[in-house]
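In each ligand, atom 1 is the first atom listed, and ligand 1 is the first ligand listed. Here the structure is a predicted model, which means the values were calculated and not measured.
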Amino acid sequence: MILLFLSDVDSAADWQAELGKLLPELELRVWPDIGDPTEIDAALVWRPPPGLLDQLPNLKLIISLGAGVDHILADPSLPPGIPILRLVDPYMTVAMSEYVQLQVLRLHRQDLIYRAQQQARVWRPLPQPNAAERRVGMLGLGVLGGAAALCLKVLGFNVAGWCRTERKLPGIPAFHGADGLAALLERSEILVCLLPLTPATAGILDARLFAGLPRGAAIVNCARGAHLVEADLLAALDNGQISAAVLDVFGDEPLPQQHPFWRHPRILITPHVAAATHPPTAAAAVADNLRRLRQGRPFLNRVDVSMRY
Ligand code: NAP
Ligand code: GLV
């Protein structure tokens with residue numbers, strides 16, 4: 001079996017080493033040295049250039065190098081009917097839960113204000129609510145959002161979530177649909193976004209959504225940059241509707257040097273690292289699906305293309 005590997009952020013050498021241990025017979029062709037395109041059976045990709053996958057006439061499977069598949073579905077000439085799989089890796093799930101807990105705790109304990117006070121040599125203790133009194137909302141209760149919500153619950157936060165369909169998570173009220181969103185927002189002093197990027201969720205973090213939150217709420221976006229309407233966030237920070245934002249993802253990555261987010265005192269930036277893909281663990285999931293391809297068995301974590309996630 002021949003697998004095309006294409007990514008500008010993942011190491012081909014690491015993937016070659018990890019997949020080689022699990023599937024010694026697999027041949028990896030690293031873009032752009034793909035040889036004869038008719039020989040490629042499957043593609044393991046991050047942000048493939050539009051049109052590329054359509055040039056592989058015998059392609060049978062597309063696997064995302066990340067949990068999200070928006071970077072694949074954005075290709076207008078994606079060959080139809082080929083299964084698209086997303087990455088689900090317990091290591092990634094734990095990493096995302098770590099990130100969410102870190103940032104929610106940082107906001108809950110007003111760390112941005114204490115850092116600013118330190119810069120100004122100000123000694124001013126602030127009111128300190130308990131985690132049980134802090135209402136946290138999670139947009140998206142899938143593999144990553146669901147796990148992170150449960151971790152926040154274990155830390156003692158008053159957590160609720162929102163998803164598309166009706167779902168049950170132990171001890172976590174789950175809202176769904178448009179009415180459900182309003183109800184979640186109203187009770188979210190800290191709102192975390194872990195939605196997939198789809199036509200239904202693009203731009204969801206906008207002025208309208210911010211207005212539905214309690215005044216002074218904070219947001220964490222660790223899903224996709226295009227969930228956020230950047231100008232609306234800057235306006236909401238200016239007028240005090242939003243008190244702080246932690247952003248891991250951006251419409252334009254790397255975030256351009258002149259972007260106003262860099263120097264904003266109430267925006268905390270990380271460079272799309274909330275949950276990196278980790279070849280030593282992720283390779284097992286990829287190898288499993290490649291074996292399924294060879295044996296004609298059903299795939300795991302197949303994307304519903306009609307739902308875009
Ligand atoms: P997932 O398992 O597919 O879960 C998606 C969740 O979003 C589900 O609960 C789903 O609802 C909900 N949802 C989808 N469309 C919705 C809509 N229109 N309205 C309300 N809820 C909706 O995805 P995941 O594995 O948790 O990953 C989420 C996203 O995290 C990825 O797509 C990716 O963009 C991002 N991510 C970021 C990083 C990083 O480092 N920053 C790393 C990994 C992933 P249902 O439960 O009802 O289906
Ligand atoms: C990273 O952003 C991912 O989708 O895994």
Pick one of side chain, backbone, both or neither for how [X] approaches ligand 1, counting any non-hydrogen atom pair under 4.0 Å.
X	value
L144	both
V249	side chain
R86	side chain
T201	side chain

Any side-chain donor-acceptor pair under 3.5 Å between T38 and N58?
no
Side chains of T281 and D89: is there a donor and an acceptor less than 3.5 Å apart?
yes
Please write down residue, atom name and distance for the protein heavy atom closest to [atom].
atom	result
atom 38 (C) of ligand 1	M96 CE, 3.4 Å
atom 41 (N) of ligand 1	D248 OD2, 2.8 Å
atom 15 (N) of ligand 1	Y309 CE2, 3.7 Å
atom 19 (N) of ligand 1	W162 CH2, 3.3 Å
atom 4 (O) of ligand 1	G142 CA, 3.2 Å
atom 11 (O) of ligand 1	R164 N, 3.2 Å
atom 3 (C) of ligand 2	A67 N, 3.3 Å

Which value, rounded to the nearest 0.5 Å, describes the distance between [X] atom [atom1] and [Y] atom [atom2]?
X	Y	atom1	atom2	value
L234	I267	CG	CD1	5.5 Å
R29	D41	CZ	CG	9.5 Å
D248	Y99	CG	OH	4.0 Å
L197	H227	CG	NE2	4.5 Å
I34	D36	CD1	CG	8.5 Å

Please determine whether any non-hydrogen atom of [X] lies less than 4.0 Å from an atom of ligand 1.
X	result
E166	no
G66	no
T198	no

Please list, in number order, the atoms of ligand 1 under 4.0 Å from a heavy atom of [X].
X	result
G145	26 (O)
A274	39 (C), 40 (O), 41 (N)
A275	39 (C), 40 (O), 42 (C)
A200	18 (N)
R167	45 (P), 46 (O), 47 (O), 48 (O)
H272	39 (C), 40 (O), 41 (N)
G140	6 (C), 7 (O), 9 (O)
L194	28 (C), 30 (O)

Residue-ligand contact R224/ligand 2, heavy atom below 4.0 Å:
yes
Sub-4.0 Å heavy-atom contact, H71 with ligand 2:
no
Should V246 and N221 count as side-chain neighbours, where that means a heavy-atom distance under 4.5 Å?
no
Test question: given the 4.5 Å side-chain rule for I, L, V, M, F, W and Y, name all other residues clustered with L126, or answer none.
I113, Y114
Look at the rings of F157 and H108 and say which category their plane angle falls in: under 30° parallel, 30 to 60° tilted, over 60° perpendicular.
perpendicular
Would you say ligand 1 has an N or O under 3.5 Å from any N or O of [X]?
X	answer
T165	yes
L141	yes
C222	yes
L195	no

Please report the shortest heavy-atom distance between [X] and [Y], naming the atom on each side.
X	Y	answer
R291	L22	NH2-O, 3.5 Å
I242	I219	CD1-CG2, 4.2 Å
D288	R297	OD1-NH2, 4.4 Å
P279	W15	CG-NE1, 3.6 Å
V69	R308	CG2-O, 4.2 Å
A285	L87	CB-CD1, 4.5 Å

Within the 4.0 Å heavy-atom shell around G68, which atoms of ligand 2 are there?
3 (C), 4 (O)
Show the atoms of ligand 2 that are less than 4.0 angstrom away from any heavy atom in M92.
5 (O)
When you compare ligand 2 with [X], is there at least one nitrogen or oxygen pair between them that comes in under 3.5 angstrom?
X	value
G66	no
L65	no
H272	yes

W46 ring center within less than 6.0 Å of H71 ring center:
yes
Intermediate values then yes/no, side-chain hydrogen bond (donor to acceptor under 3.5 Å, both in side chains), N158 and R187
CA-CA 10 Å; N158 181 346; R187 60 149 343 269; 2.4 Å; yes
Option among L139, L247, L233 that satisfies the side-chain contact (heavy atoms from CB on, under 4.5 Å) test with L205
L139
Any link between L52 and L61 through a network of hydrophobic side chains (Ile, Leu, Val, Met, Phe, Trp, Tyr) touching at under 4.5 Å?
no
Name the option, out of H176, R224, R308, that contains the heavy atom nearest to atom 33 (C) of ligand 1.
R224
I'd like the name of whichever of P196, G146, P271, C163 reaches closest to atom 7 (O) of ligand 1 through any heavy atom.
P196
